[in-house]
Undergrad: 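Below you will find the structure I want to go over with you.
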2 protein chains.
Amino acid sequence: MREYYSITELTREFDISTRTLRFYEDEGLIQPVRRGRTRLFRPSDRHLIRQIMRGKRLGFSINEIREIIQMYREPPGEVGQLKLMIKRIEEKREDLRQKRRDLEETLGELDQLEESCVERLVELGVTT
Amino acid sequence: MREYYSITELTREFDISTRTLRFYEDEGLIQPVRRGRTRLFRPSDRHLIRQIMRGKRLGFSINEIREIIQMYREPPGEVGQLKLMIKRIEEKREDLRQKRRDLEETLGELDQLEESCVERLVELGVTT
DNA sequence: CACGCGATTTACGTAAAAGTCAATTGAGCG
DNA sequence: CGCTCAATTGACTTTTACGTAAATCGCGTG
């Protein structure tokens, strides 16, 4: 496991710009350490970026992604906080389950569409 | 099956604004018919709106949603077009499969997080 | 030391996806 | 007919998520 990653290393790995990474820092999503003014990204920052990119692909906004990420940051010690956190986790999961239903439906419809295309090709005498 | 829906009926059903529906029309996603200047939405328009909302929840942009929707509009009769369409369908499906992987990973991590919260509660002597 | 190069900061710009507001229209109803 | 209420149009505004440009900094190398 590497100690540190430079900003450009990560921009290449995730195919994003430096501006984007700095923006995520401004937004409090990541907190790379500094050597002088230069940012040094730890493996944990890298993992956070992976989570951010996943969230983006799933259509979560920066705010929603922040909500998820913050849950990982603070492992609360107090009972009330823990229960609240479990509730918030459950909400996010419900959100994700909705997305999964949407996804399966969309995939299903695309399957149908493709099938009808293939049928049409067969009618036209095309050997698939 | 109803003949027509009014714009406000649909804004209530899908919890969106009239502005949004008109915007979707401007963007060519839906084409309600007119009685005078008033829009009348058919069941097919309603189904399109459902597809649009699903696409939005999955993080697709208007342009991406338009790509999907257009595939349903034009059932091409020509072989080349059909093959091209099948290719585009396959691309969208790959996109959706990526989202599904992202989704499962995120759900998995949230499961873990919740478990550790529950554990922590047990340690604190809380009877779940 | 001079230089090149990558990183940073600051500030303004922009595209997408609507929200908001004002003026207008038209259908139905007493 | 006059009124109301939903619907329309057009213009301007807002928010999100960065892009872009300019000026500066600092470190390693020849």
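Every chain is numbered from 1, with letters handed out A, B, ... down the list of sequences.
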Undergrad: Salt bridge between B:Arg22 and B:Glu25, side-chain N to carboxylate O under 4.0 Å?
TA: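 No, no charged N to carboxylate O under 4.0 Å.
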Undergrad: Could you tell me whether the phosphate oxygens of C:dT9, OP1 or OP2, come under 4.0 Å of any side-chain nitrogen or oxygen in A:Arg34?
TA: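 It does, given that an N or O in the side chain of A:Arg34 lies less than 4.0 Å from OP1 or OP2 of C:dT9.
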Undergrad: For B:Arg34, look at atom CZ and say whether over 12 heavy atoms of other residues, nucleotides or ligands are found less than 6.0 Å away.
TA: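 Counting neighbours around CZ of B:Arg34, more than 12 heavy atoms of other residues, nucleotides or ligands fall under 6.0 Å, so yes.
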Undergrad: Going by side chain to side chain donor-acceptor pair (under 3.5 Å), name the residues that satisfy it together with A:Thr38, two or more places apart in sequence or in a different chain.
TA: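 Scan of A:Thr38 (side chain to side chain donor-acceptor pair (under 3.5 Å), adjacent residues dropped) gives none.
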Undergrad: Only counting residues at least two apart or in another chain, list the ones meeting side chain to side chain donor-acceptor pair (under 3.5 Å) with B:Glu13.
TA: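 With sequence neighbours excluded, B:Glu13 shows a side chain to side chain donor-acceptor pair (under 3.5 Å) to B:Arg46, given in chain and number order.
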Undergrad: Rounding to an integer number of Å, can you tell me how far A:Glu27 CD sits from D:dA17 P?
TA: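 From A:Glu27 CD to D:dA17 P: 8 Å.
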Undergrad: Provide, to the nearest angstrom, the distance between the CD1 atom belonging to A:Ile52 and the C1' atom belonging to D:dA17.
TA: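 The distance from CD1 of A:Ile52 to C1' of D:dA17 comes to 13 Å, rounded to the nearest Å.
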Undergrad: If only side-chain N and O atoms of A:Ser6 are considered, is one of them under 4.0 Å from the OP1 or OP2 phosphate oxygen of C:dG6?
TA: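 Result: no.
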Undergrad: Which residue, A:Leu110, A:Leu107, A:Thr106, forms the side chain to side chain contact (heavy atoms under 4.5 Å, CB included) with B:Lys92?
TA: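 Output: one option passes, namely A:Leu110.
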Undergrad: Could you give the CD1-to-C1' distance, from B:Ile7 to C:dA18, as a whole number of Å?
TA: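 Roughly 14 Å, once rounded to whole Å.
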Undergrad: May I ask you to decide whether A:Asp45 forms a salt bridge with A:Arg42, counting only side-chain N to carboxylate O separations under 4.0 Å?
TA: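 Result for this pair is yes, salt bridge flagged.
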Undergrad: Go along nucleotides 18-24 of chain D 5' to 3' and tag each nucleotide: B for a protein heavy atom under 4.0 Å from its base, S when only backbone or sugar atoms are that close, - otherwise.
TA: BBB----
Undergrad: Taking CG from B:Leu21 and P from C:dA17, how many angstroms apart are they, rounded to a whole number?
TA: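 Going from CG in B:Leu21 over to P in C:dA17 covers 15 Å.
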Undergrad: Assign each of B:Ser61 and B:Gly36 to its nearest nucleotide of DNA chain C by heavy atoms, then name whichever residue's nucleotide is nearer the 5' end.
TA: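 Counting from the 5' end, the first nearest nucleotide belongs to B:Ser61.
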Undergrad: Can you find a side chain N or O atom of B:Arg39 that sits less than 4.0 Å from OP1 or OP2 on D:dT8?
TA: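 Yes, within the criterion.
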Undergrad: Would you mind telling me which of A:Arg57, A:Arg54, A:Arg100 makes a salt bridge (charged side-chain N to carboxylate O under 4.0 Å, His left out) with B:Asp102?
TA: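 Of the listed residues A:Arg57, A:Arg54, A:Arg100, the salt bridge (charged side-chain N to carboxylate O under 4.0 Å, His left out) partner of B:Asp102 is A:Arg57.
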Undergrad: Please report, rounded to the nearest Å, how far the P atom of D:dT15 is from the CD atom of A:Glu64.
TA: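 Spelled out: CD on A:Glu64 to P on D:dT15 is 17 Å.
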Undergrad: Find the distance B:Leu29:CG to C:dA17:C1' and express it as a whole number of Å.
TA: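 In whole Å, C:dA17 C1' and B:Leu29 CG are 11 Å from each other.
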Undergrad: Mind calculating the distance between CD1 (B:Ile16) and P (C:dT20) to the nearest angstrom?
TA: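 In whole Å, C:dT20 P and B:Ile16 CD1 are 15 Å from each other.
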Undergrad: Starting from C1' on C:dG6, measure out to CZ on A:Phe41 and report it in whole angstrom.
TA: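 Nearest whole value for this atom pair: 14 Å.
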